[in-house]
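Numbers for residues simply follow the sequence, beginning at 1.
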Amino acid sequence: MTIRGRDRIADWIETSLLVRGPRPLGLDPLNAYFEARHGLEAQMVSTGVREMARRAGLLGDRYPFKVNEFAVRSTPDAVSSSYMSAALMAPGNPVREYLSAAPDEAMAVIFENLVAEAASRIWGDAGRALRFGWPSDIGRPPEFDLAIRWLAQKIGVEVGQGYRQPRRKDGGVDVVAWRPFPDSRSGFPVLLVQCTLQENLLAKGMDVDTRLWGSWLAMDVDPTTALATPIALAPGTVWDELALKYMVLDRIRIVGLVSPAATDEIAQDWVAGTTDDLREHMEEVAEL
């Protein structure tokens, strides 16, 4: 497979190091491995390493890799990190190539739970969030009308008068976050988040109609919308176009928001199992 773009090259290096374990890998053998296995010249591998250094500078201890001018390596807690639970879901990751792991319900739920934790922390410890997507593991009714009533009660607002189409599942919203105030009165910020595991973010569009949501929930302040993706988006035209439409929660922002503690047990088990499955296909890097 041809790996293109510094973002994707960085993702492949990260996953290779995760499979290898927390042992340093010199840049010379790293270059030799990617040239032999993927036809990447050393200059291209260097762009991926520089992208890793950029991510490390942004995330600090939340980034589960160490990068210097001589070598790269994963940290001992990389498998249990929030970073890797998102990174392994990103389009173009070796998980998609070697394991033919198209996004499924289990993957979506893990990502949405991670996004819910991140979204709640936009306002600090006072923020709240829940996963609104269906199927639900937190008691959301399957019927859309009842789900809106359930959500209104959770947030602390009245149900609006707008028509709620019974065939809808989630109205394009996978995660809802809000920041209540001590006075419990209306007029507090609400964030409606659409999560996606697909690659073409520009084609995804935004399925969240704030006019409709304003009719379903009696909010005095218009809600903010966001798009969440496990891709680590570098600065550029894609980011600029997305940011004109809504708040962008990419992998870097999500991991920067969540607690430094390990991800939940389900996510840890998924990352550990996926890493084990990858070793069969990436055994050369483990032997370097």
>> Please evaluate residues V176 and L192 with respect to the criterion side-chain contact (heavy atoms from CB on, under 4.5 Å), reporting the C-alpha separation (whole Å), side-chain torsions for both, the decisive distance (0.1 Å), and the verdict.
In response: CA-CA 5 Å; V176 179; L192 306 176; 4.2 Å; yes
Linking I/L/V/M/F/W/Y whenever their side-chain heavy atoms sit closer than 4.5 Å, directly or via other members, would [X] and [Y] fall into one cluster?
X	Y	answer
L58	M84	yes
L151	W134	no
V109	L249	no
L146	V173	no
L202	L227	yes

Between [X] and [Y], is any pair of side-chain heavy atoms under 4.5 Å apart?
X	Y	answer
D250	L242	no
D222	T210	no
D7	I231	no
T224	P189	no
L114	M89	no
V248	L201	no

Approximate separation, where rounding is to 0.5 Å, of [X] [atom1] and [Y] [atom2]:
X	Y	atom1	atom2	result
I13	S74	CD1	OG	13.0 Å
D77	Q268	CG	CD	10.0 Å
I155	W150	CD1	CH2	9.0 Å
L25	R20	CG	CZ	4.5 Å
R73	L17	CZ	CG	10.5 Å
W123	L191	CH2	CG	5.0 Å

Closest non-hydrogen atom pair, [X] against [Y]:
X	Y	result
T75	F65	CG2-N, 4.1 Å
S85	W270	O-CZ3, 3.9 Å
P230	A86	CB-O, 3.3 Å
G133	R140	C-NH1, 4.3 Å
M282	S16	CE-OG, 3.3 Å
T229	F111	C-CZ, 3.4 Å

>> Can you confirm whether E158 is buried at CD, in the sense that more than 12 heavy atoms of other residues, nucleotides or ligands lie under 6.0 Å from that atom?
In response: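 No - once you tally the heavy atoms of other residues, nucleotides and ligands closer than 6.0 Å, there are 12 at most.
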> Should we say atom CD1 of I266 is surrounded by more than 12 heavy atoms from elsewhere, each under 6.0 Å from it?
Replying inline: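 Result for CD1/I266: open.
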> Using the benzene-type ring in the case of Trp, are the ring centres of F144 and W216 under 6.0 Å apart?
Replying inline: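 Close enough - the centres of the two rings lie under 6.0 Å apart.
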>> So that I know where these two stand, are W12 and Y98 an aromatic pair - ring centroids less than 6.0 Å apart?
In response: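 Aromatic pair counts; centres sit under 6.0 Å.
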Hey, is the main chain of [Y] close enough, under 3.5 Å, to the side chain of [X] for a donor-acceptor pair?
X	Y	answer
N93	R96	no
T274	V271	no
D174	E112	no
R279	V19	yes
D220	S186	no
D264	A267	yes
R131	N113	no
R128	A126	yes

> What pairs of residues pass the side chain to side chain donor-acceptor pair (under 3.5 Å) test when at least one of them lies in residues 52-68, not counting sequence neighbours?
Replying inline: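 The answer is D11-R55, E14-R55, E14-Y63, E51-R54, E51-R55, R55-Y83.
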> Run the side-chain contact (heavy atoms from CB on, under 4.5 Å) check on V157 and V190 step by step: do they pass?
Replying inline: CA-CA 11 Å; V157 298; V190 176; 6.0 Å; no
> Looking at R8 and E199, does any basic side-chain N land under 4.0 Å from a carboxylate oxygen?
Replying inline: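 Yes, this pair counts.
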> Knowing that exactly one of S80, P76, S81 qualifies, which makes a side-chain contact (heavy atoms from CB on, under 4.5 Å) with P64?
Replying inline: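 Passing option: S81.
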> Given I3 and M44, is the side-chain contact (heavy atoms from CB on, under 4.5 Å) satisfied, shown in steps?
Replying inline: CA-CA 10 Å; I3 311 170; M44 295 303 297; over 6 Å; no
>> Please determine whether side-chain contact (heavy atoms from CB on, under 4.5 Å) holds for the pair L278 and L99, giving the CA-CA distance in whole Å, both sets of side-chain angles, and the decisive distance to 0.1 Å.
In response: CA-CA 7 Å; L278 284 171; L99 305 183; 4.0 Å; yes
